[in-house]
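Hydrogens, waters and symmetry mates play no part in the numbers below; they use all other heavy atoms, side chains included.
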Amino acid sequence: MKRLSRTRLFLLEMMVNLLVFCVGAAICLMAFAKAYALSAESRVLSQAQRTAENAAMALRSLDGDLSALPYLLDGQMQEGKFIAWYSQDWQPVTEENSIYQMEVSAEMGDNHVLNLRIIIYSPAHEAVLTLPLRQYTGDAQKRGNI
């Protein structure tokens with residue numbers, strides 16, 4: 001029986017090492033790609049949350065008057081809803097140049113409670129974030145008892 005030369009054994013060992021290294025590198029690349037996607041998704045969600053909170057605070061300062069919201073935020077009223085459009089870096093833009101869309105709707109509920117809903121939509125028109133709000137608009141609030 002022929003014995004394998006040392007050179008062949010060395011080359012075989014190098015090939016096995018290279019294979020193990022390539023498999024490890026592929027696993028690391030998949031992990032980095034997943035981490036990047038999660039990071040991008042988290043950035044979008046954080047910005048959507050910040051934008052919705054800004055709209056909620058603007059509504060609070062207006063005592064829930066949805067029709068006055070275009071005076072504080074860039075956007076417009078359409079069919080009883082406030083709609084604003086944002087670019088990829090969350091700057092207000094026109095509808096034609098937009099990527100994200102914020103929709104604010106209001107509905108008067110029982111006992112002088114205004115039910116508000118802020119929805120941020122993605123480019124595929126899927127809801128990225130939904131923020132339901134309730135604000136009391138009765139006499140007790142206006143007298144300063146709350």
Determine yes or no for a side-chain-to-main-chain donor-acceptor pair under 3.5 angstrom, with S42 supplying the side chain and S39 the backbone.
no
Per side-chain contact (heavy atoms from CB on, under 4.5 Å), L59 is matched among L69, L114, L72, L73 by L69
Any P123 side-chain heavy atom under 4.5 Å of Y100 side chain
yes
Please determine whether side-chain contact (heavy atoms from CB on, under 4.5 Å) holds for the pair V44 and W90, giving the CA-CA distance in whole Å, both sets of side-chain angles, and the decisive distance to 0.1 Å.
CA-CA 9 Å; V44 167; W90 293 91; 4.3 Å; yes
Pair N54, T51 - check side-chain hydrogen bond (donor to acceptor under 3.5 Å, both in side chains), show working.
CA-CA 5 Å; N54 287 342; T51 303; 5.5 Å; no
Please say whether more than 12 non-hydrogen atoms of neighbouring residues, nucleotides or ligands are located less than 6.0 Å from CD in E107.
no
Heavy-atom distance under 4.5 Å between the side chains of P92 and W85, does that happen here?
no
With distance as the sole criterion, is a donor-acceptor pair present between the side chains of R50 and S46 under 3.5 Å?
no
Any chance you could lay out the side-chain contact (heavy atoms from CB on, under 4.5 Å) test for Q101 and I83, step after step, and finish with the verdict?
CA-CA 7 Å; Q101 176 181 335; I83 298 179; 3.6 Å; yes
Using 30° and 60° as the class limits, which term best fits the ring planes of Y121 and H125: parallel, tilted or perpendicular?
parallel
Would you compute the distance between atom CG of L62 and atom CE of M57 and round it to the nearest 0.5 angstrom?
11.5 Å
Heavy-atom count around Q76 CD within 6.0 Å, excluding the residue itself: above 12?
yes
Following the transitive rule for hydrophobic clusters with a side-chain heavy-atom cut-off under 4.5 Å over Ile, Leu, Val, Met, Phe, Trp and Tyr, establish whether I99 and I118 coincide in one cluster.
yes
Evaluate the side-chain proximity of M102 to F82: yes if any heavy-atom separation is below 4.5 Å, no if none is.
yes
Report, as yes or no, whether the 6.0 Å neighbourhood of atom CE on M14 holds more than 12 heavy atoms from other residues, nucleotides or ligands.
no
Does any part of the side chain of Q49, heavy atoms only, come nearer than 4.5 Å to the side chain of I120, both counted from C-beta?
no
Other than L11, which residues form its hydrophobic cluster under the rule that side-chain heavy atoms must be closer than 4.5 Å?
none
Could you give the distance from CG (L131) to CZ (R117), rounded to the nearest 0.5 Å?
9.5 Å
